[in-house]
There are 2 protein chains.
Amino acid sequence: MQTRRYHHGDLRAALLDRAEQTLREKGPGALSLRELARDLGVSHAAPSRHFKDKQALLDALALTGFERMEAALTASQEAAGESFAERLGALVRAYVDFAVANAVLLDLMYTVKHEPEASEALIAAAHRLAAMAVELAADGQRSGDVREGPVERIAMPLFTTLHGFAGFATSGVLSADEVASGLDDVIAYMLRGCAADGREVTWSEGAPGLHCLVPRPPRGTSHPV
Amino acid sequence: MQTRRYHHGDLRAALLDRAEQTLREKGPGALSLRELARDLGVSHAAPSRHFKDKQALLDALALTGFERMEAALTASQEAAGESFAERLGALVRAYVDFAVANAVLLDLMYTVKHEPEASEALIAAAHRLAAMAVELAADGQRSGDVREGPVERIAMPLFTTLHGFAGFATSGVLSADEVASGLDDVIAYMLRGCAADGREVTWSEGAPGLHCLVPRPPRGTSHPV
DNA sequence: ACCTGAACACCGTTCAAGT
DNA sequence: ACCTGAACACCGTTCAAGT
């Protein structure tokens with residue numbers, strides 16, 4: 001019968017799928033391994049063959065979240081225009097869209113863990129996301145849109161803003177309307193924050209025609225802020 | 001005897017205290033109402049007089065987190081210098097310091113809740129924190145350090161960056177060293193992001209002498225980004 | 001290799017009853 | 001008003017045993 005083959009085939013994936021669904025529908029408090037097993041027509045001890053404990057399942061789920069987020073961000077960059085501003089805007093939108101569509105999952109991804117060894121893989125996954133911001137900033141430096149300096153130090157505040165905005169969106173501190181209407185303010189602010197001196201900053205997606213000029217630094221300045 | 005009077009006096013506060021301690025020492029997964037009651041020498045049903053269920057206790061604890069964070073931010077502003085940059089820097093440091101010193105609590109404060117009625121008080125508390133950033137931005141506008149425009153829309157990206165940086169700090173995405181060394185990059189980026197056109201931006205705490213000039217916008221621009 | 005069934009120690013929540 | 005004690009239904013985890 002079909003269910004038999006399914007579980008034989010991939011109980012591990014079925015557990016992750018079902019866990020995410022319950023997480024989405026009933027929240028993290030309602031997730032139990034026994035109920036998961038029941039739903040999948042399997043004994044309550046079966047999950048332990050695939051995940052040593054509940055936390056291991058949650059960690060694995062968080063990891064798939066990072067992987068899907070990475071795919072979403074990559075897709076956003078491939079679909080985006082060529083200008084730095086367009087690519088940054090696309091990255092922000094993709095991150096925030098994924099976050100609000102997977103709020104509980106995002107919580108899981110960035111939740112403080114207490115066994116450092118378990119967090120390693122998750123932190124590495126987060127660093128792969130951050131690397132995309134670094135890549136974007138490096139491109140921006142090549143095109144002259146982004147200020148000079150160590151590119152990781154320039155990308156970090158950008159990625160930080162992204163993460164904070166997504167966090168406020170998922171936790172409800174910002175309403176859906178506020179998220180939608182605030183996106184352009186955030187993007188414009190990010191552009192200004194990383195802009196090369198002497199570069200005109202233009203951001204026109206949500207609020208057409210807004211722009212400003214970031215000037216050259218005063219002579220004699222060794223390291224422009 | 002002493003313990004008897006203590007519990008009679010304020011079992012509710014004792015539960016919150018003890019819950020925070022276990023949270024800090026053993027993590028959120030290890031928190032149980034029954035153990036809490038045992039530790040306090042009280043029957044396992046006693047907590048239900050003060051919190052209708054476990055989530056209610058966690059929500060109450062999160063609320064005290066917001067209150068203490070608000071106090072820390074207020075204190076930072078009272079201790080800070082007069083310049084906008086100094087006050088912003090002090091706010092960022094205070095937020096991040098509180099976050100790393102209370103990582104699990106911060107998680108709890110901003111965790112996605114599934115009963116909207118329970119979240120209301122927490123969201124209101126978060127808004128009180130955000131109001132401090134709005135106040136600071138408004139002062140910055142009066143002193144000419146911060147660009148013109150609706151002050152909430154200017155403060156939101158700032159507060160968002162703060163929150164994201166704290167989130168990376170508590171979740172371990174940024175190491176303690178990276179947090180310490182990244183603080184000035186973040187602050188300088190924030191200053192640039194909200195600076196008034198034509199204003200010289202100076203930030204010299206961690207990296208003395210760094211500064212740049214944000215110029216006047218090109219003539220004819222209605223709304224500088 | 002993968003799963004079952006029973007067993008163990010622990011939960012959260014409720015409710016009559018005590019003081 | 002505040003707490004107790006027993007009861008209920010549910011957990012996570014382990015482990016010998018099955019196929």
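Since we're looking at a predicted model, the values are computed, not measured. Residue numbers start from 1 in every chain, and the chains themselves are labelled A, B, ... in the order their sequence lines are given, proteins ahead of strands. We use all heavy atoms of the structure for the numbers below, so side chains are in, but hydrogens, waters and symmetry mates are not.
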## Note on the structure
Here DNA chain D, pairs taken as Watson-Crick or G-U under 3.5 Å and shown with ( ), [ ] when crossing and | when to another strand, reads ||.|||||...|||||.||
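Residues in residues 13-45 of chain B take part in no ring-ring contact (aromatic ring centres under 6.0 Å, His included) pair, two or more places apart or across chains.
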### Message
I'd like to know whether D59(A) forms a side-chain hydrogen bond (donor to acceptor under 3.5 Å, both in side chains) with Q55(A), so could you lay out the CA-CA distance, the side-chain angles of the two residues, the decisive distance to 0.1 Å, and finally the verdict.
### Response
CA-CA 6 Å; D59(A) 287 346; Q55(A) 188 58 49; 2.9 Å; yes
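Side chains of R18(B) and T22(B): no donor on one and acceptor on the other come within 3.5 Å. If you check the side chains of S143(A) and D145(A), you find a donor sitting under 3.5 Å from an acceptor.
For Q77(A) (side chain) and R87(A) (main-chain N/O), a donor-acceptor pair under 3.5 Å exists by modelled atom type. A donor-acceptor pair under 3.5 Å is absent between the side-chain atoms of Q141(B) and the main chain of P150(B), judged by distance alone.
At whole-Å resolution of the value, CG in L11(A) and P in dA1(C) are 17 Å apart. One atom, CZ of F51(A), and another, C1' of dC3(C), lie 16 Å apart when rounded to the nearest Å. L40(A) has its CG atom 16 Å from the P atom of dC2(C), to the nearest Å.
Residues C194(B) and F84(B) form a side-chain contact, since some pair of their non-hydrogen atoms from C-beta on lies under 4.5 Å apart.
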#### Entry: Annotated protein contacts, base or backbone, on nucleotides 8-19 of chain D with a non-hydrogen cut-off under 4.0 Å, one of B, S, - each
---SBBBBB---
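Interatomic distance, I154(B) CD1 to L136(B) CG, rounded to the nearest 0.5 Å: 12.0 Å.
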